[in-house]
Amino acid sequence: MSRIGKRPIEVPAGVIVSVDPGRVTVSGPKGELRQQVPTRMQIAQEDGTVTVTRPTERGDDRALHGLTRTLIANMVEGVTNGFEKRLEIQGVGYRAALSGSNLELQVGYSHSVRITPREGISFEVPIPTQIVVRGIDKQIVGQTAAEIRKVRPPEPYKGKGIRYEGEHVRRKVGKRA
């Protein structure tokens, strides 16, 4: 008893998906991504769609089915449009700048913090208090953004630090005199 995924993945023109046992490769206009996938899941490609089928209805097979489908969909999205994470810097004198392809952060330490991008990642600083992390691999974009945020996470009393765009920081009252 097998069940086909509820949502097949639409593959746009110009994107090539090749399926080998245990590995999926997706190449498109922005680059190429490879991903290990569970061999229990059957992946079929036909007429511009990719469907993932699970062998049983057991809980672990259901979880792997969703994971596999999402990984492949994110790969197709990444090689087509790419991913980006936006960060904001708040604090007096806190700023970011590009030095070649590296990111220079001045966030209240006695020295500036330099972050070197991983392969496939690019930084952009539209204004000194904003950072944009771009790439085709969603996981690496998110990990790089988390590492930048970790340099100076937002503190709860004044809200100074590096935060994701739109992130709400719960503020504390502080002590009263």
Discussion item. Would you say that Thr68 contacts Pro38 through its side chain, given a criterion of any heavy-atom pair below 4.5 Å between the two side chains?
Written reply: yes
Item to complete: Answer yes or no: is there a side-chain heavy-atom contact under 4.5 Å between Tyr157 and Arg171?
Response: no
Worksheet item: When rounded to the nearest 0.5 angstrom, what distance separates CZ in Arg40 from CZ in Arg54?
Response: 11.5 Å
Worksheet item: Looking at Gly82 and Lys30, what are the two nearest heavy atoms and their distance?
Response: N-CD, 4.0 Å
Worksheet item: Are Leu64 and Ile43 co-members of a hydrophobic cluster defined by side-chain heavy atoms under 4.5 Å apart?
Response: yes
Worksheet item: Considering only heavy atoms from C-beta outward, does the side chain of Val37 approach that of Leu67 to under 4.5 Å?
Response: no
Worksheet item: Between Arg23 and Gln36, is there a donor-acceptor pair closer than 3.5 Å when you use the side chain of the first and the backbone of the second?
Response: no
Discussion item. Quick check: do Tyr164 and Arg149 have side-chain heavy atoms less than 4.5 Å from each other?
Written reply: yes
Item to complete: Measure across Gly159 and Pro154 and return the closest heavy-atom pair with its distance rounded to 0.1 Å.
Response: O-CB, 4.4 Å
Fill in: Separation of Thr53 OG1 from Arg69 CZ (nearest 0.5 Å)
12.5 Å
Discussion item. Take a 6.0 Å sphere around CZ of Arg34 and say whether it holds more than 12 heavy atoms from other residues, nucleotides or ligands.
Written reply: no
Worksheet item: Can Glu104 and Arg114 be said to form a salt bridge (charged side-chain N to carboxylate O under 4.0 Å, His left out), step by step?
Response: CA-CA 5 Å; Glu104 292 268 340; Arg114 177 177 289 208; 2.5 Å; yes
Practice prompt. Could you grab the distance from atom CD1 of Ile121 to atom CG of Leu103, nearest 0.5 Å is fine?
Written response: 12.0 Å
Discussion item. Before you tell me yes or no, could you show the steps for Val26 and Ile16 under side-chain contact (heavy atoms from CB on, under 4.5 Å), namely the whole-Å CA-CA distance, both residues' side-chain angles and the distance that decides it to 0.1 Å?
Written reply: CA-CA 6 Å; Val26 179; Ile16 300 165; over 6 Å; no
Fill in: Non-hydrogen side-chain atoms of Pro12 and Val76 separated by less than 4.5 Å
yes
Item to complete: Kindly give the heavy-atom pair with the smallest separation between Ala145 and Lys85, and that separation in Å.
Response: CB-CB, 3.8 Å
Fill in: Which atom of Glu32 lies closest to which atom of Ser27, heavy atoms considered
OE1-CB, 3.8 Å
Discussion item. Could you measure the distance from the CZ atom of Arg58 to the NE2 atom of His65? Nearest 0.5 Å is fine.
Written reply: 15.0 Å
Item to complete: Taking the side chain as every heavy atom from C-beta outward, state whether Glu155 and Arg152 have any atom pair closer than 4.5 Å.
Response: no
Discussion item. Quick check for you: to the nearest 0.5 Å, what is the distance between Ile89 atom CD1 and Ile131 atom CD1?
Written reply: 4.0 Å
Item to complete: Report yes if the side chains of Arg170 and Lys172 come closer than 4.5 Å at any heavy-atom pair, otherwise no.
Response: no
Discussion item. Taking side chain to side chain donor-acceptor pair (under 3.5 Å) as the cut-off, I'd like each qualifying pair that reaches into residues 86-98, sequence neighbours left out, listed once.
Written reply: Glu84-Arg86, Gln90-Arg163, Arg95-Gln106
Fill in: Minimum-distance pair of heavy atoms, taken over all atoms of Ala96 and Leu105
CB-CD2, 3.7 Å
Practice prompt. Would you check if Asp61 and Pro55 make a side-chain contact, meaning some heavy-atom pair closer than 4.5 Å?
Written response: yes
Worksheet entry | In one Ile/Leu/Val/Met/Phe/Trp/Tyr side-chain cluster, 4.5 Å: Leu71, Val15 | yes
Worksheet entry | Verify same cluster id: Leu87, Val151 (apolar side-chain graph, 4.5 Å) | yes
Worksheet item: Would a hydrophobic clustering, with Ile, Leu, Val, Met, Phe, Trp and Tyr connected at side-chain separations under 4.5 Å, put Ile115 with Val132?
Response: no
Discussion item. The test is side-chain contact (heavy atoms from CB on, under 4.5 Å); show your working for Ile72 and Gln35 and say whether it passes.
Written reply: CA-CA 8 Å; Ile72 295 170; Gln35 180 70 45; over 6 Å; no
Worksheet item: Which pair of non-hydrogen atoms, one from Gly22 and one from Thr39, has the smallest distance, and what is that distance?
Response: CA-CG2, 3.8 Å
Worksheet item: Applying ring pair (Phe, Tyr, Trp, His ring centres under 6.0 Å), which residue pairs with at least one partner in residues 110-148 are found, sequence neighbours left out?
Response: Tyr109-His111
Under 3.5 Å, sequence neighbours excluded: what are the donor-acceptor pairs made by side chains of residues 135-143?
unit_1, atom_1, unit_2, atom_2, d
Asp137, OD1, Gln139, N, 3.2
Gln143, NE2, Glu147, OE2, 3.2

Worksheet item: Are Val52 and Val79 linked, directly or through other ILVMFWY residues, by side chains that come within less than 4.5 angstrom of each other?
Response: yes
